[in-house]
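Shown next, in structure tokens, is the structure this report addresses.
A quick note: this is a predicted structure, and the numbers were derived from the prediction, not measured. Hydrogens, waters and symmetry mates are skipped; everything else that's a heavy atom, side chains included, is used.
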Amino acid sequence: MSSVCLLQLLHLNALFYYFTILNFQSNKVLEFERCDLDIKSNKRSHHTEQNGEDRLIVRRGQPFSLVLHLKAGSPEFNPEETSFTLIVETGTVHCVESDTKVSFGLKDSTDDKEWSASASKAPGNTVALNISSSPEAPIGLYSLSLLQQGQSTSLGAFVLLFNAWCPRDAVYMRSETKRQEYVLSQHGLLYRGSATRIHHKPWNFSQFEPGILDICLKILDEGLNVVSDTDQDCSERRSPVYITRVLSAMINSNDNEGVLVGEWAEFEDGVHPSTWIGSGDILRQWADSGPVCYGQCWVFAAVDCTVSRALGIPCRVVTNFSSAHDGNGNLLIEKMYDEDGERLEDPDSVWNFHVWVESWMARPDLEQAGFDGWQVSDATPQETSEGVFCCGPVPVSAIREGELTKKFDAPFVFAEVNADVVEYVKLSTGDFVKFSGSTDSIGQNISTKAVGRDKRRDITHHYKYPEGAVIKRNETSTEPALCCAYLCCIEKLLFLKLKYSDYGKVISPDRMIQLTAFVNDKENREYHKAEKLIVLDEPDLEVKLTGEARVGQPLTAELCLLNPLPEALQDCSFTLEGVGLTQEKPITIKYVSLVLQGGLNSTFYFFLKIVRTFGQSWWLLILFQGWGPWLQSRKPRLVSSCHPGRRASLCFWWTSTATS
């Protein structure tokens, strides 16, 4: 134990001795029978009632109430004659200096700036106790005890979260509709595809499902900084900036036993990323057996969003189409080809889309106004930051204004949405010919789900000014030696018919086909290239209820799928998942012998029981799998809510897929 902590402990002992003498002199030592944490009422006022567990979960900077039941024969509580000390502790070291241990006595009223408490006599032989936590307290699991006459009595435990409803909290968000969307909503839409063909993928974030909050706290406990300085790590959990950066490192497993293993090629020994439809199953698998195989950018981001919302940080998933990966940090995407048009190996690339998260918070660490609000962080392991595979958080406003010195990783994120593309041909002489480029192809249709609606919202203007606008930025181009070439070519229209028989056996689960035409006039050293990215459309999956939906009653639904392929789909299955519908785990229904005839409708039936509801609309995600290319359904409709014992409408969200 450090000398500072030891001195503080001696000081606390003296303080406790003072209270012991005071209580002894007044002869008003209370004897407690039990403590009622008033869980239901506290969870309702702290917006944590969706956590279905029977435990106290509160948000910082806001009072919560307890009821102390006195033993028969105990003196009555009188605030003028009776006093005691409350102690809250979090983490494993418990040091006053780091605020992982705080002691405080009673006041006339609670103080919303610090840990404080007030008490009053309540009906019966009880004491009503109000406790307010500091809006800057570390989040996590706390123990609560009461010290009186040198004797410590445990009152219980509680979980403290960030508080988007508290103006003094760094994650405070003014709009209630946005708090509902970015903290409390358990469902969302992830956007994928291409800039000209945007598709959505429904997702169950499931941050309030039983056990998920404990798993999220475990993720923090497994962070790299815990090993080097446990108490400091626990103390730093007061900062959403720190938490967000820890999550960006822990959601991937490149540097530790993090949640997800990234994979973009071989998936035989794991789950293909497109198969996931929610975060809950991933997090439970990680908690049980370590890193989960496999994830890609939208999965990393969706799980990151789940953990952030569970801990109380407002968070949303964002997709950047035509997203650059600047491997050498020069803000350029340099594509190299040989004289036959074959791509040469280089550190840069352009993804048809890339997904990250934005988290809402103040940035006092930047010591400059204008950078509060949405912050980009990215859990997909692309490049290292301070020696660890993580990225962010960096203010969206810093990216827009070209403030590339702001923490964290501003140049990399800036390049993802703003890099210029330059294309070269490497000649046999070793010289490079620059033959093409673009200043506006990167960072297209940056998208997120709209607040309170199942629509796409374009937020490109948050990240960049219109093309042609002048902003400050640090450009450190290190272009190869160039031989300038000016093309003078005649445009010729060529027709290419791509048949299913040509691509059906080799199509990837991403359902994308990229066509490239490369023109090479070696005599005149003239080159030209044209590309076309094709994202295959997905067939509709029709869902109909065959009866009325009631809580606790079986429900039958009819699914109808039209197979657009010229061959049958075999070995089919549906996977269903929905908050409050499938008992926290996906349900898979297999049709092993079923064959879907090409060009014909096929109908399936499944049974479902609504097991619980929080008075909100539900989402049910249905994943269809069979033999053939990867498929995904279209956008569903939103329906009304359901309460126990009353009629309900069911909100169907689904993805349908078929794998070869």
Side-chain angles (χ1 to χ4, degrees), residues 193-197 263-266 296-297 320-354 380 382-383 411-412 414-445 467 475-498 502-503 506-508 510-536:
S194 67
T196 57
R197 203 79 173 178
E263 181 58 54
W264 286 262
E266 300 295 332
Q296 289 181 7
C297 62
N320 177 39
F321 291 95
S322 295
S323 187
H325 179 163
D326 180 16
N328 54 16
N330 64 355
L331 306 183
L332 287 175
I333 301 302
E334 297 157 312
K335 297 182 178 181
M336 310 292 186
Y337 302 87
D338 64 20
E339 292 183 272
D340 295 322
E342 293 293 331
R343 182 77 184 267
L344 301 177
E345 187 175 343
D346 58 65
D348 298 338
S349 60
V350 177
W351 300 96
N352 57 303
F353 71 91
H354 184 59
T380 302
Q382 295 188 89
E383 300 288 340
F412 185 81
F414 182 89
E416 287 184 299
V417 300
N418 266 312
D420 294 340
V421 177
V422 185
E423 296 182 301
Y424 305 96
V425 168
K426 184 178 181 180
L427 305 179
S428 58
T429 61
D431 293 328
F432 289 88
V433 173
K434 178 180 177 180
F435 71 94
S436 182
S438 171
T439 61
D440 60 2
S441 62
I442 299 299
Q444 303 272 325
N445 298 335
E467 194 61 36
E475 295 189 78
T476 56
S477 175
T478 56
E479 299 183 17
L482 299 181
C483 294
C484 295
Y486 300 92
L487 300 182
C488 180
C489 57
I490 300 174
E491 184 177 290
K492 186 175 182 180
L493 189 61
L494 301 176
F495 294 93
L496 174 65
K497 187 173 184 179
L498 190 61
D502 296 326
Y503 70 81
V506 296
I507 190 70
S508 72
D510 297 313
R511 311 180 322 277
M512 294 186 300
I513 302 171
Q514 181 165 301
L515 300 176
T516 302
F518 191 83
V519 178
N520 180 355
D521 183 350
K522 292 185 178 180
E523 183 177 347
N524 297 307
R525 288 190 176 181
E526 293 183 355
Y527 307 91
H528 192 71
K529 181 176 68 70
E531 287 184 334
K532 173 69 174 179
L533 180 66
I534 300 172
V535 180
L536 299 180

Would you say [X]'s side chain and [Y]'s backbone share a donor-acceptor pair under 3.5 angstrom?
| X | Y | answer |
| --- | --- | --- |
| Asn352 | Ser194 | no |
| Asn320 | Glu416 | yes |
| Asp338 | Asp340 | yes |
| Asp420 | Leu332 | no |
| Glu334 | Val421 | no |

>> I'd like to know whether CD of Glu531 has more than 12 heavy-atom contacts from other residues, nucleotides or ligands below 6.0 angstrom.
In response: yes
Practice problem: Taking atom NZ of Lys426 as the centre, report whether more than 12 heavy atoms of other residues, nucleotides or ligands fall under 6.0 Å from it. | Solution: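 It does not: Lys426 NZ has 12 such atoms or fewer within range.
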Phe412: which residues meet the ring-ring contact (aromatic ring centres under 6.0 Å, His included) condition with it, sequence neighbours left out?
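With neighbours one apart ignored, the set is His325.
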Mind telling me whether [Y] and [X] have parallel, tilted or perpendicular rings, with 30° and 60° as the class edges?
| X | Y | result |
| --- | --- | --- |
| Phe435 | Tyr337 | perpendicular |
| Trp264 | Trp351 | tilted |
| Phe321 | Phe353 | tilted |

**Validation row: Gln296, Thr380 side chains within 4.5 angstrom (heavy atoms)** = no
task = For the residue pair Glu383 and Asp326, establish whether any side-chain heavy-atom pair is separated by less than 4.5 Å.
result =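 When only atoms from C-beta onward are counted, Asp326 and Glu383 do not touch, as no gap falls below 4.5 Å.
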